[in-house]
Amino acid sequence: MRSDAIKKGLERTPHRALLYATGLSKRDMGKPFIGVATSFTDLIPGHIGMRDLERYIERGICYGGGVPFFFGVPGICDGIAMGHLGMCYPLALREILADTIETVCNAHSLDGIVCLTNCDKITPGMLMGVARLNIPAIIVTAGPMISGRFRQKKLAFVHDTYEALARAKRGDISRKELECLELEACPGAGSCQGLYTANTMACLTETMGMSLPGCATGLAVSAKKRRIAQASGERIVELVKRGITPLDIINRKSLENAIVVDMALGGSSNTVLHLMAISHEAGIKLDLKTFDRISKGICHITNLEPSGEHFMEDLEYAGGIPAVLKRLKSKLNNAITLSGRRIFDIADKAEIFDEDVIRPIERAYHKQGGIAVLFGNLAPDGAVVKQSAVNPSMMKFTGRARVFNREEEAMQAILGGKIKKGDCLVIRYEGPSGGPGMREMLAPTAAIVGMGLDESVALITDGRFSGGTKGPCIGHISPEASKRGPIAVLKDRDIITIDIPNRRLDVRLTRSEIEKRFKGLKLVPPKITTGYLARYSKLVSSADKGAILS
């Protein structure tokens, strides 16, 4: 066993003494040492139920014949971090998580690891870590939150808080009703109820085969989730005994399966960054064109929040990811999963219980997948849009640029009624390096919807969007402004053209005009010059490369 390096031989007498100090017995020294990286915190609704799941993972490891060792990793709630300095940190957290998993597991020669995760950047960070480490590993996602209720209506986080505050600003709802919504929108533990980044990543993790079947949509605080946690604890010991590692599971075929499911579900655009970062750690080349190629050949078969009417609980009761795999079987690779079962076997044994939640291909909600990749003189290296969340009337749009160098400036303009029909908001210097941390623009996009402008106003940015975003919002523009991308030379009233069907993003300027503007360009100075984010800003790559550290 890998852990023999710290527990066998005469020269390891001091090491054993320290291990015995933790309460181990001599018998334990012959068992696999299993780390459990838990992101429990009281700060994140998606993680507050993890103490319960930790017990069941521990029980499973012990039943399987292993010795569990728990250690904590940091977590950030994207929703609480949104709209202020805090949003510079979640994407950068991926690297801290990957480094932490590598450091703890290698320093203590652990034989395997269970990663207990749930919310947005924590899941991909853990996947990056286990791919890099490549010791037996299994991911347990803590599950989606159930929907809220107000006057017999289902509530979801984004629609009934971010969008609701803009409706209150317009006078469409009362302050009293807004107070009721904020109390009821998030009724308890779990990741936000729609197909935002956390739940999208859970679905893709299961699809890749890195969590057990049923894990992604198994609801938080459910008995099913407890059973999956315990089964995961037992399974990790078996993986150690058989020597099955993440790079046996994460390969070109399983990553393409994840992209197929992502496109069919209409998942968060953040997954483009995350899958590229995971593939980088696995030594597999993945680029933007791969996402767009797969998207063009996959129908969008679900209609989940934030742009649709269904919730994660509806997907769970319709059959979960196994049912989605059944629907998409002809488009998938028959890859192996860490459960020991292949994708086709999981698909064949699944049942689809709701033909509207998981539609047949011939009745798909859209003929193409959820994400499109655009190129043009504004995005030479690419840009990303969640096209399944765009109204058909806005798939092609030409508008006047309204340029802002910070998200907060744009937000003030939206809520102040200064953005008008036909405007194209430009929010720049919010990229991986310039942000730094590539902040999510959920607050501005939700405010646009709440102000009734989502069918007449577009938004483009070198930042990114939450999985909760809907409307003609193009992010990940590369190169970013701080790296002298063309978005840096835009001025108010420039004419911007968005053509999603033809995958174009352009400004009505000639090449010579753009070059002339570059000659006189003075970049906005770095917003943060000290601490971790200053170091991150210097090392992070472009969004079209996955915003990885070089």
Basic-acidic side-chain contact under 4.0 Å: [X], [Y]:
{"X": "K224", "Y": "E316", "value": "yes"}
{"X": "E355", "Y": "R327", "value": "yes"}
{"X": "R94", "Y": "E281", "value": "no"}
{"X": "E409", "Y": "K418", "value": "no"}

Check whether any side-chain heavy atom of [X] sits under 4.5 Å from a side-chain heavy atom of [Y], and report yes or no.
{"X": "D314", "Y": "D354", "result": "no"}
{"X": "L93", "Y": "P74", "result": "yes"}
{"X": "F465", "Y": "L459", "result": "yes"}
{"X": "L43", "Y": "I80", "result": "no"}
{"X": "T302", "Y": "H310", "result": "no"}
{"X": "M126", "Y": "V73", "result": "yes"}
{"X": "L325", "Y": "L332", "result": "yes"}
{"X": "K153", "Y": "E184", "result": "no"}

Side-chain donor or acceptor of [X] paired with backbone N/O of [Y] under 3.5 Å:
{"X": "R170", "Y": "G450", "result": "yes"}
{"X": "T141", "Y": "A202", "result": "no"}
{"X": "D506", "Y": "T497", "result": "no"}
{"X": "T461", "Y": "I427", "result": "yes"}
{"X": "E430", "Y": "E407", "result": "yes"}
{"X": "N118", "Y": "G143", "result": "yes"}
{"X": "T445", "Y": "M441", "result": "yes"}
{"X": "D423", "Y": "K420", "result": "yes"}
{"X": "Q193", "Y": "E313", "result": "no"}
{"X": "N391", "Y": "S393", "result": "yes"}

[X] to [Y] - nearest heavy-atom pair and separation:
{"X": "L415", "Y": "K169", "value": "O-CE, 3.4 Å"}
{"X": "D160", "Y": "K154", "value": "OD2-O, 4.2 Å"}
{"X": "F311", "Y": "L155", "value": "CE2-O, 3.4 Å"}
{"X": "S307", "Y": "S388", "value": "OG-O, 4.1 Å"}
{"X": "L286", "Y": "S279", "value": "CB-OG, 3.4 Å"}
{"X": "P90", "Y": "A81", "value": "CG-CB, 4.3 Å"}

*Hey, is CZ on R175 packed in by over 12 heavy atoms from elsewhere, all under 6.0 Å?*
no
*Is it the case that more than 12 heavy atoms not belonging to E362 sit under 6.0 Å from its CD atom?*
yes
_Would M145 and M312 count as a side chain to side chain contact (heavy atoms under 4.5 Å, CB included) here? Give the steps._
CA-CA 8 Å; M145 184 187 297; M312 286 303 294; over 6 Å; no
*Residues two or more places apart in sequence or in another chain: which of them pass side chain to side chain donor-acceptor pair (under 3.5 Å) with S330?*
none
Output the distance between atom [atom1] ([X]) and atom [atom2] ([Y]), rounded to the nearest 0.5 Å.
{"X": "M263", "Y": "R293", "atom1": "CE", "atom2": "CZ", "value": "10.5 Å"}
{"X": "I414", "Y": "L425", "atom1": "CD1", "atom2": "CG", "value": "5.0 Å"}
{"X": "S478", "Y": "D462", "atom1": "OG", "atom2": "CG", "value": "8.0 Å"}
{"X": "R504", "Y": "I498", "atom1": "CZ", "atom2": "CD1", "value": "13.0 Å"}
{"X": "I321", "Y": "E206", "atom1": "CD1", "atom2": "CD", "value": "5.5 Å"}
{"X": "H274", "Y": "L204", "atom1": "NE2", "atom2": "CG", "value": "10.0 Å"}

*Is the closest side-chain donor-acceptor distance between D292 and S295 under 3.5 Å?*
no
_Exercise: do T117 and S39 side chains pair donor with acceptor under 3.5 Å_ = no
*For S433 and E480, what are the C-alpha separation, side-chain angles and deciding distance, and is it a side-chain hydrogen bond (donor to acceptor under 3.5 Å, both in side chains)?*
CA-CA 8 Å; S433 177; E480 61 178 290; 4.8 Å; no
*Check step by step if side chain to side chain contact (heavy atoms under 4.5 Å, CB included) holds for I298 and D262.*
CA-CA 10 Å; I298 298 296; D262 193 6; over 6 Å; no
*Please test L442 against M87 for side chain to side chain contact (heavy atoms under 4.5 Å, CB included), starting from the C-alpha separation and ending with a verdict.*
CA-CA 10 Å; L442 175 57; M87 186 37 70; over 6 Å; no
*asked:* With side chain to side chain contact (heavy atoms under 4.5 Å, CB included) as the criterion, how do T197 and D78 come out once you've worked through the C-alpha distance, each side chain's angles and the decisive distance to 0.1 Å?
replied: CA-CA 10 Å; T197 304; D78 283 41; over 6 Å; no
_Testing L275, I294, V261 one by one against E256 for a side chain to side chain contact (heavy atoms under 4.5 Å, CB included), which residue passes?_
I294
*Quick one: sort the Y365 and H300 rings into parallel, tilted or perpendicular, breaks at 30° and 60°.*
tilted
